[in-house]
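Values in this document were obtained by computation on a predicted structure and should not be read as measured data.
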Amino acid sequence: MPPKRPVPHRQAIRRTGLLMGWPGFSAFPGFAFAAFAFTALLAVCLCACVERVAGKGGGTETESNVAGLAVNPDGSPSVGARVILRPADYLADPVSAEDTGSRRQETVTDSHGRFKLRELPAGDYRIEIAGSESGGSIRDFSLRADGQGMRLPADTVKPRGSIKGAFAPDSEAQLARFIQVFGMERLVKADPSGGFILYNLPEGEYAIRCSSLQPFRRDAVRRGISVKSGEQTTITAVQLEKEAKLAFTVDGGGLRIEGLDSTNPVILDNERWDNGVENEYVWAKASAGSLDLRGNIVTADLKSAVNTVPDQVARGQAELRGARNAGLQGIPDLVGGASARLVSPASGRLEDIKASPSPGSDLIVAEARKATPEKPLVVVVGGPLTTVAQAWLTDPTIAPRMVVAGVFSYSLQNNDSIANYLVAKNCRFVQWGRTYTWGGKPDTARIAQVPLSRMGERVRAYLSGNKDRMSFGDLAPVAFLFRRGAWMGANMVKVSSTLEVQPASDITFDFLDIPFGANDWPAYEEEFYRALSDPAAYHPIAEAPGRFEAEGLSGGAAVGGLPVDSVTAGVDGIGFSANGSADYKLTVSKAGAYRMTVRYRTGGGARIAISAAGGAVLGELPLPASYAWAEAVLDSLPLEAGPLTLRVTGIGGSFNLDWMDLRP
């Protein structure tokens, strides 16, 4: 039975600053107006008397000057009053305020109560006048692009009023919620119960935006709120829009997560790099130019003291060396991530945990900062979520700029429960395989599609050993980027502080959970074998003149392809059976005769023939018997310039090869 499809959801992705617990943003009724000036703007004293307002000489044809007058209730000039100009749609944002240039100005009134704002572009504006006493006023106006300027009517500063409101009750624990006033420097944090008061508002009409910023913005806009001088206006309870942490839809093509496709930057984070085939799949996609791979991270295997980060970095680099020898290119080296699970602080408050950065978490932070909420970084995690949690602790503002895909955690209670909770609650998180492992029936005949190489043989051997089910490791989230139909649906779930996962609504859900029945197993298989057999992934392994490793073969027959003496002598090589052959993709920089040196060993002696694949034999080389590694030289091997697939064929006896070297 196909999985139940959730209803479509949309999330308005906006510019947002996600600093959890901004300093100075506890509830602050009666907060002085000056505290709202989050951006440092200098007041400009204009003492000259305003006679002409036209833009001539003071602006351009599309910029104008605006003059005004502020008076007290008794008609006397309001001297030294602050005049604050903002675009009508402006919203205070202390984290990432937009630079609106000349559209944001401040000045003060002169001894006659007059003021002038210069060189304003066309647009809609709000002016707030803050008198030297407790009075104030606001005025909205529109400026045309004719350069003629405007003289505003006199504004009387009056005692200010306020707006009182509250957020509607939410089924979740109360989160940080904020209120902004359009066109003004006002941002207030609601109290824990959801109540708020906007103080010090001059008489007039207001529009406010009410938002929840943890972990992603959900908001509601109220317009037409009237405030009378010296009075408090109470509004009805504010219900935030039903926006999801991740915007997604499900249709006949499968699951669609907004902002995710094959063009997203990707980081692969795993705890084991020698027990699966997902890294070879990801690297092949990157080598073919299909995947924007930004990094490979090793996080500690928290279930085993043996698989340390340094050990797995070394093992992963050995895997990467095999991939490069097979012709894969453009793959970043591995870096170490978190080496220990997070520990609850003495206070018991998770927000008091201090970040312990690593090269891996620093990489996530750096790449997430380059990304956007509309095109986020995708971090695919095959082990503990600790390195991602450390990245988030280092810089919580990266949360909307990345999507974390957890794989094979089985349950959130495993590995690092604190890290799992922080990521599930605070990041855009998708979980695959939370309660299951791989399903589907593998087509073992397709294993032959994996090209022959040292890397290819390892992949073949691994897949051949899993005959009952497909076992593609942590491949699923990356495959989804290329085949969204691989995931046919998703469940919305929330997680408690005890890591109990329960169904949730679109308002309260913490992460998307991909159920077992939502997987298209044949789609994964097709995607895997297509990537590993893509010729575009395999590039020339060397340029002649130069040296290339024997295990860098790109094809052949009857080649063992196993490591030879790799532990005792620090040497990797391949073993040739009698009449075995191996192909090597090279680039010859200049035509001519080359001297070929071969490092080999053979117990009974052997002989090899060198040819261009599919062409005539270019030379033969005897390999005298030697149990130790030895070298043999073919003095003259004629080669044409350009791409070359060089074939080495055994024509008698078995032998091992370590490397070959071509020199003019």
Side-chain angles (χ1 to χ4, degrees), residues 18 215-216 245-246 257-273 278-279 281-283 285-286 291-300 309 312 316 331-338 342 355 357-409 412 415-416 419-434 473-482 487 510-514:
L18 291 177
F216 301 100
K245 289 176 65 174
L246 285 169
I257 299 177
E258 189 169 321
L260 297 192
D261 57 31
S262 61
T263 63
N264 290 84
V266 173
I267 287 177
L268 184 60
D269 176 359
N270 210 348
E271 92 285 25
R272 295 286 302 275
W273 288 81
E278 67 275 9
N279 50 325
Y281 163 77
V282 171
W283 294 346
K285 298 293 285 189
L291 180 68
D292 183 7
L293 182 63
R294 301 294 179 87
N296 297 294
I297 298 174
V298 178
T299 295
V309 170
Q312 280 299 312
I331 306 166
D333 287 335
L334 282 75
V335 298
L342 295 182
S358 63
S361 65
D362 288 344
L363 176 64
I364 293 173
V365 171
E367 293 299 332
R369 286 173 175 171
K370 299 175 187 176
T372 66
E374 294 79 12
K375 183 60 65 176
L377 170 72
V378 178
V379 185
V380 178
V381 184
L385 293 168
T386 314
T387 302
V388 175
Q390 292 286 13
W392 178 81
L393 288 168
T394 300
D395 182 3
T397 67
I398 66 174
R401 297 173 178 268
M402 68 177 179
V403 170
V404 182
V407 188
F408 276 142
S409 291
L412 291 180
N415 298 322
D416 188 341
N420 292 345
Y421 180 79
L422 290 177
V423 172
K425 279 291 186 184
N426 297 290
C427 297
R428 304 164 82 181
F429 183 52
V430 181
Q431 179 73 353
W432 184 91
R434 183 173 62 84
D474 309 318
L475 170 152
V478 181
F480 168 75
L481 297 178
F482 293 88
W487 289 347
D510 291 320
F511 64 91
L512 295 184
D513 195 32
I514 310 300

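- Here the side chain of Arg369 pairs no donor or acceptor atom with the backbone of Ile398 at under 3.5 angstrom.
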Could you give me the CA-CA distance, side-chain angles and deciding distance for Ile331 and Leu293, then say whether side-chain contact (heavy atoms from CB on, under 4.5 Å) is met? CA-CA 7 Å; Ile331 306 166; Leu293 182 63; 4.3 Å; yes
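- Between the side chains of Thr299 and Thr386, no donor-acceptor pair of N or O atoms lies under 3.5 Å.
- Side-chain contact of Asn270 with Asp474: a donor-acceptor pair under 3.5 Å is present, judged by distance alone.
- Rounded to the nearest 0.5 angstrom, Arg401 CZ and Glu367 CD are separated by 12.5 Å.
- For the side chain to side chain contact (heavy atoms under 4.5 Å, CB included) test with Leu385, the passing option among Asp269, Leu422, Val404, Asp416 is Val404; the others fail.
- At distances below 3.5 Å, at least one donor-acceptor pair connects side-chain atoms of Asn264 with backbone N or O atoms of Asp261.
- Taken to the nearest 0.5 Å, the CZ atom of Arg428 stands 5.5 Å off from the CG atom of Leu246.
- Closest approach of Gly473 to Glu278, counting heavy atoms only: CA-OE1, 3.5 Å.
- Rounding to the nearest 0.5 Å places CG of Leu291 at 13.0 Å from CH2 of Trp283.
- The CG atom of Leu512 sits 15.5 Å away from the CH2 atom of Trp432 when rounded to the nearest 0.5 Å.
- If you take CG on Asn296 and CH2 on Trp273, they are separated by 4.0 Å, rounding to the nearest 0.5 Å.
- Annotation: the span from Thr387 atom OG1 to Ile297 atom CD1 amounts to 6.0 Å, rounded to 0.5 Å.
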Let's go through Leu342 and Gln390 carefully: what are the C-alpha distance in whole Å and the side-chain angles of both, what is the deciding distance for side-chain contact (heavy atoms from CB on, under 4.5 Å) to 0.1 Å, and is it a yes or a no? CA-CA 9 Å; Leu342 295 182; Gln390 292 286 13; 3.2 Å; yes
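- Contact detail for Phe429 and Ala405: the closest heavy-atom pair is CE1-C, 4.4 Å.
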Show your working on side-chain contact (heavy atoms from CB on, under 4.5 Å) between Val266 and Asp292 and close with a plain yes or no. CA-CA 6 Å; Val266 173; Asp292 183 7; over 6 Å; no
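- Minimum interatomic distance between Pro357 and Ser361 (heavy atoms only, all atoms of both residues): CA-OG, 3.4 Å.
- Considering all non-hydrogen atoms of both residues, Val407 and Pro477 come closest at CG2-CG, 3.5 Å.
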Between Lys375 and Thr263, does a side-chain contact (heavy atoms from CB on, under 4.5 Å) hold up when you go through it step by step? CA-CA 8 Å; Lys375 183 60 65 176; Thr263 63; 2.9 Å; yes
